[in-house]
Amino acid sequence: MFKPTLKVALLASSMLVLVACGEEKKEEQASSAASNTTSTTATSEAAPATSTNQTASVTPAPATGGLTVVSWGGAYQEAQRKTIFEPYNAKTGNVIKEEEYNGEVAKIKAMVESGTVSWDVISVDTATALQGCDDGVLETLDYSKILDKAKVLPGAALDCAIGSDVYATVFAYDTAKLPNGPASIKDLFDLEKFPGKRALQKNPFVNLEWSLIADGVDPAQVYDVLGTPEGVDRAFKKLDTIKSQVVWWEAGAQPPQLLADGEVVMTSAWNGRIANAIKEGKTFKIVWDGQAPDLDMWAIPKGTPNLEKSYEYLAFASSAEVQSALAPYIPYGPTNLDAVALVDAELAKSLPTHPDNLKAAIPLNPQFWGDNGEELRARFNTWLAQ
Amino acid sequence: MSVSAISDDRSTLKSRLRRAERVQRLRAIGLVLPLFLFILIVFVTPIIILMTRAVDNPEIADSLPLTSAALANWDRTDIPGEDVFAAFAVDLVAAQKNKATGLIGKRLNYEMPGTRSKVLQAGRAAEKLTAAPYKEAFLKIDPLWGEIETWKVLERASHRNTSFYLLKAVDLQCSADDEIVNVAPDQALFRDVFIRTLGISTLVTVATLLLGFPLAYMLATLPPKHSNILMILVLLPFWTSLLVRTTAWVVLLQTEGPINDLLLFLGLTDERLQLIFSRFGTVVAMTHIQLPFTLLPIYSVMRTISPNYVRAARSLGAGPFHAFWTIYFPQTMPGIAAGCLLTFILSLGYYITPALVGGPTDQMISYFVALYTNKELNWGQASALGTILLMATLVLYAVYNRLVGIDKMKLG
Amino acid sequence: MGTTNDPFVTFSDVQKTYDGETLVVKNLNLRIEQGEFLTLLGPSGSGKTTTLMMLAGFEVPTHGRIEMGGVEINNVAPHKRNIGMVFQNYALFPHMTVEENLAFPLQVRKVAKDEIAKKVQRALDMVQMPQMSKRRPAQLSGGQQQRVALARALVFDPKLVLMDEPLGALDKQLREHMQIEIKHIHERLGVTVVYVTHDQSEALTMSDRVAVFNDGIIQQLAKPSDLYERPENSFVAQFIGENNRLSGKVASVNGKSCGVEIPNFGLVSAIPVSVQSVGSPTTLSLRPERVRINPESGAYANQFDAEVQELIYLGDHTRCRVSVLGNSNFIIKVANAEGVPSLTPGQMVRVGWKPEDCRALDAY
């Protein structure tokens with residue numbers, strides 16, 4: 001049964017292709033003939049679209065009462081609830097309606113495009129923040145309504161999003177199983193010294209940087225190298241060496257689980273998740289070598305009816321007191337520079353932003369991923385499935 | 001009675017019949033109409049939208065309207081002239097204002113990787129351009145704008161319909177010379193994935209048939225007391241959610257999981273096998289989930305086959321195997337055909353099971369549809385993949401119909 | 001093969017149970033002669049079909065021995081017994097044409113192709129369906145399917161043919177026609193037929209001998225006329241044909257005749273068939289057509305007063321229900337011939353019968 005179906009499938013797809021390209025050739029001729037009409041309609045279509053966008057942002061916010069804040073769920077949102085949402089409710093008398101998502105940008109895009117924005121403030125990663133800004137999905141922030149930009153960690157105040165905390169992608173292992181565990185990124189890629197499966201995030205971010213570091217590139221130069229086609233090839237080539245031994249994770253809760261189950265000998269993870277597991281009694285250890293700090297950010301979808309309240313919330317959430325309160329719940333660093341001093345010194349050692357932990361860190365470079373993320377992700381996904 | 005009276009009678013009889021039937025017909029239409037509309041609205045319309053999305057190409061035409069118009073008169077032999085660049089500058093300024101440069105960059109990036117940042121850069125720079133010559137100015141901004149290929153891609157992308165996504169969905173692309181060529185090997189993916197999707201579906205179908213046929217036979221021939229218990233065992237997993245069953249397989253197949261424990265305990269292996277995140281695990285989990293779909297149609301057909309057929313064959317001199325193979329088995333064909341078709345077509349669309357139990361090289365086409373829809377926001381590509389899958393399914397269905405005859409199938 | 005003196009098939013002390021608790025067939029002893037048409041007759045659940053299935057090889061006897069042609073066949077697989085079988089609902093293979101159905105047993109036996117064609121044609125001619133060879137069973141009428149099934153069971157020239165209620169699905173007229181046809185084919189081919197039915201008129205019409213089954217036991221094995229005229233127990237008397245029953249006590253036994261006391265009503269003379277001793281209960285069996293209304297006085301030893309209850313006119317005869325000797329369901333068949341008295345319900349009449357038509361059987 002397999003053979004004929006295969007042939008048929010190939011036949012069908014090739015037929016489709018022929019039809020498709022044939023159409024295009026015709027299209028070319030037809031459109032050149034009718035080009036003028038097309039372009040005028042296009043302009044006249046574009047114009048009202050713009051004006052609706054403007055009206056949406058100009059219209060005063062209807063008093064809907066609640067403010068909908070969307071975050072990533074789990075221990076992280078729990079910490080935000082304790083340190084931001086509840087104090088905010090208490091202070092302003094507003095009621096925050098919480099929702100959870102898994103970073104599906106498609107949802108935000110669909111809302112903005114259809115003009116039915118029901119999310120007011122969303123927690124996004126940097127790549128989404130930059131891309132959403134370029135795509136016109138996110139509101140351009142007016143920092144005068146939030147705080148002085150100078151007080152924000154460099155790189156954390158973007159056009160359309162403001163950093164809420166600094167987390168890091170690190171790697172970790174179980175000391176109960178590996179008493180003399182790995183200490184560097186090179187060890188992560190060393191299948192002879194540390195045989196067995198390792199788990200990595202199903203995302204080129206961090207993995208490509210680590211590949212280059214393991215291949216001898218200095219962490220500070222990693223983006224210079226990765227910015228060249230040869231550098232990308234080099235990274236994938238290095239990643240090839242461990243591909244057969246990698247288990248890929250997608251949700252933040254997976255790495256500690258995989259490690260606890262003994263499914264892998266080491267795993268990349270967000271430092272907070274591992275710290276939480278340690279707090280629960282696991283014998284995990286974080287390796288800070290080559291840690292990749294990144295920002296969680298707050299952004300406002302374009303066209304929210306609660307724009308003013310959203311700004312009010314951002315100002316509250318970005319204040320030094322609020323920011324410094326997060327670390328005891330989950331070891332993520334503040335982005336407000338004033339807040340750094342407010343964090344307990346002992347606690348600060350477990351934050352990605354602590355100088356000791358930053359020694360061999362990959363520099364924060366969201367712009368690189370904003371510019372190159374799309375094609376690197378495409379290549380990464382192709383590489384994965386090949 | 002006179003002749004005319006008879007014909008009068010006939011005509012009134014006819015009209016009475018028509019009137020009587022009209023009421024019935026209206027009632028029948030009234031009953032069917034809601035379902036018809038429902039199917040039209042929630043099934044047919046989305047598929048049509050999906051298929052149009054696969055060729056829909058509004059980004060450039062909407063965001064660079066003047067450039068698109070200017071490029072329509074371009075002869076595609078040399079770098080376009082000043083008029084195109086001037087239009088480009090005006091368009092870019094407008095796009096920058098509308099935050100549309102990201103969209104343009106994203107669209108061009110599909111066909112020319114690495115151009116996204118250059119479009120953004122050009123967009124920022126265009127605001128400062130005030131006077132001609134624009135061509136020189138753009139060439140200064142980036143040599144990209146002095147390459148004919150850039151403009152060919154831009155021209156191709158400026159049409160409102162494109163075959164780009166459909167071609168990409170089968171690892172093809174239009175080259176600079178407007179010829180259809182294979183994409184670079186490091187980007188070639190979907191042909192493999194389609195073949196993989198068909199392969200896994202076939203494997204699962206065959207596996208469910210091999211497991212389901214004897215089981216269906218047992219169910220159909222055992223006395224009801226035993227067959228009812230067995231039936232519940234078959235149906236129980238059927239009633240639990242797909243996700244639960246898949247997660248159960250994750251637990252079972254884990255390297256530290258019970259199956260590996262058992263294999264080690266029995267001494268069948270020396271070290272723990274990689275069962276999860278593998279093709280094996282994917283096929284096993286999918287087979288388990290699909291088993292009832294194959295089994296139930298076969299079972300329902302078997303129930304209708306009187307044991308007397310095999311007895312008759314035996315009494316006529318056929319041995320047990322011969323009687324089974326020539327008499328019983330052919331009569332189960334309608335059930336086998338229906339069950340296998342059901343499983344095969346359902347398997348083609350599997351997403352969550354390969355995603356949880358399979359490794360990266362076990363992902364089927366739906367995974368990429370989801371990836372492009374949710375993560376990459378490339379709905380054109382997602383639609384194109386969906387369209388190709390739909391077409392392939394329809395073609396397979398037609399072939400199947402020719403080979404087996406759908407009218408002969410019994411679904412239960 | 002056995003000679004005419006040796007039975008062709010023998011069941012010796014055969015028992016069958018499915019669940020290990022109740023016996024469906026209790027101690028069956030049966031000899032089937034070469035070339036005879038034997039019918040197993042009985043109500044459903046009486047063990048007749050089980051007996052047939054044991055003979056065909058689809059059921060294994062729990063105890064006892066089945067022999068065919070002098071050889072024990074208890075453990076011979078069905079396909080090696082060379083027995084033709086016609087099933088209830090025919091069991092024609094629906095995915096094959098008539099021709100293929102008929103060729104099946106021959107192909108299995110690896111008969112040469114031209115030989116198969118010849119035999120198939122001959123079999124179709126025999127059942128008068130020469131034109132239907134390319135049709136599928138679903139395209140045939142019930143009667144036609146029946147004929148094909150018959151042809152298929154005979155096409156490979158088996159010595160023994162089993163038929164399991166083959167005519168049950170046909171309408172009355174066709175059934176009667178087929179009964180005669182099967183009978184003729186049997187006579188022409190000389191094949192041994194074991195036929196299962198619950199229809200007593202079918203059994204009487206077709207059979208050389210009939211075995212009446214009830215409760216896993218053969219109640220009587222006899223020629224049809226003996227079965228009707230001389231039933232040996234009340235079950236057979238009741239099951240075969242119409243029967244009037246009178247319950248009483250044996251008052252006297254005297255060789256070939258006996259007196260039976262019907263309590264409160266009187267004494268009836270009868271022939272003792274299965275009465276034990278004076279004083280034991282008994283059931284009298286009397287065929288409706290053997291009773292006369294208003295006989296000449298003294299013509300019959302048994303004469304009683306009766307009241308006409310109901311009259312049903314049936315063309316050639318009238319069924320007359322009377323109440324006599326305490327039995328109000330006593331049927332008398334009155335031939336509609338000359339000299340028959342006209343009757344009306346409520347009328348008092350005298351009824352009479354000969355002692356030799358009245359059989360004293362076991363108490364039912």
Side-chain angles (χ1 to χ4, degrees), chain A residues 1-2 4-6 8-9 11-14 16-18 20-21 23-25 27-28 31-32 35-36 38-40 42-43 45-46 49-50 53 103-107 109 131 133-136 140 197 202 229 236 247-248 261-263 370-372 374-375 377-379 381-386, chain B residues 55 61-63 65-66 68-69 72-73 98-103 105-106 109 113-114 116-117 120 156 159-163 166-167 170 172 174 180 186-189 192-195 198-199 202 206 254-256 276-277 359-361 363 368 371 373-377 388 391-392 395-396 399:
Chain A
M1 184 163 159
F2 191 58
T5 50
L6 215 151
V8 169
L11 192 82
S13 35
S14 55
L16 255 164
V17 166
L18 287 180
C21 242
E23 253 177 17
E24 176 160 82
K25 290 267 154 66
E27 239 282 275
E28 276 171 11
S31 66
S32 59
S35 59
N36 280 331
T38 329
S39 65
T40 28
T43 359
E45 264 170 17
T50 335
N53 268 347
E104 300 95 342
V105 199
K107 277 192 189 169
K109 188 186 176 191
Q131 210 179 310
C133 201
D134 289 339
D135 291 353
T140 308
K197 300 264 172 195
K202 206 184 219 174
F236 276 106
V247 171
W248 301 96
D261 288 348
E263 198 69 38
D371 287 347
N372 302 293
E374 192 130 13
E375 62 238 42
R377 272 199 304 277
R379 171 141 180 205
N381 283 320
T382 308
W383 173 84
L384 262 186
Q386 265 169 349
Chain B
V55 293
D62 284 349
S63 310
L66 301 177
S68 301
N73 299 321
N98 299 334
K99 288 258 172 210
T101 41
L103 224 66
K106 189 175 173 183
N109 214 21
R116 184 188 145 93
S117 50
L120 294 176
R156 245 199 326 261
H159 299 293
R160 289 205 160 267
N161 292 306
T162 181
S163 60
L166 284 171
L167 289 175
V170 286
L172 293 173
C174 279
I180 291 177
D186 67 345
Q187 293 172 30
L189 173 63
D192 276 355
V193 174
F194 273 114
I195 289 171
L198 293 175
T202 309
V206 170
Q254 277 179 359
T255 312
E256 301 286 331
I276 196 168
F277 310 130
T361 51
Q363 299 308 318
F368 292 91
L371 180 80
T373 309
N374 290 327
K375 295 218 174 129
E376 298 299 323
L377 289 190
I388 301 266
M391 292 298 164
V395 169
L396 287 177
V399 170

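Values reported hereafter were calculated over all heavy atoms of this structure, with side chains retained and with hydrogens, waters and symmetry mates removed. The sequence lines fix the lettering, A, B, ..., with proteins before strands; numbering per chain opens at 1.
For A/Trp248, the part lying near chain B is the side chain, with the backbone staying farther off; criterion is any non-hydrogen pair under 4.5 Å. For chain B, the nearby parts of A/Asp135 are the backbone and the side chain; heavy atoms of each come within less than 4.5 Å. With a 4.5 angstrom heavy-atom cutoff, B/Phe194 does not touch chain A via any of its atoms. For B/Gln187, the part sitting under 4.5 Å from any heavy atom of chain A is the backbone (N, CA, C, O) and nothing else.
B/Lys375 NZ: 12 or fewer foreign heavy atoms inside a 6.0 Å radius.
Counting heavy atoms from C-beta on, the side chains of B/Leu189 and A/Asn381 never come closer than 4.5 Å.
Comparing A/Thr140, A/Val247, A/Asn372 by how many heavy-atom pairs each has under 4.5 Å with chain B, the most go to A/Val247. Across B/Ser63, B/Gly105, B/Ala188, the residue that shares the most heavy-atom pairs under 4.5 angstrom with chain A is B/Ala188. Comparing B/Ile276, B/Val193, B/Leu120, B/Val206 by heavy-atom pairs within less than 4.5 Å of chain A, the highest count is held by B/Leu120.
With values rounded to the nearest 0.5 angstrom, B/Asp192 atom CG is found 7.5 Å from A/Gln386 atom CD.
A/Lys197 meets the salt bridge (Lys or Arg N to Asp or Glu O under 4.0 Å) test with no other residue; sequence neighbours excluded. Remark: B/Glu376 pairs with A/Arg377 by the salt bridge (Lys or Arg N to Asp or Glu O under 4.0 Å) rule, at least two apart or across chains.
The shortest non-hydrogen separation linking A/Leu384 to B/Pro360 is O-CB, 3.4 Å. Of all heavy-atom pairs spanning A/Asp261 and B/Glu256, the tightest one is O-CG, 2.7 Å.
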Stepwise side chain to side chain donor-acceptor pair (under 3.5 Å) test for B/Asn109 and A/Glu375: CA-CA 7 Å; B/Asn109 214 21; A/Glu375 62 238 42; 2.7 Å; yes
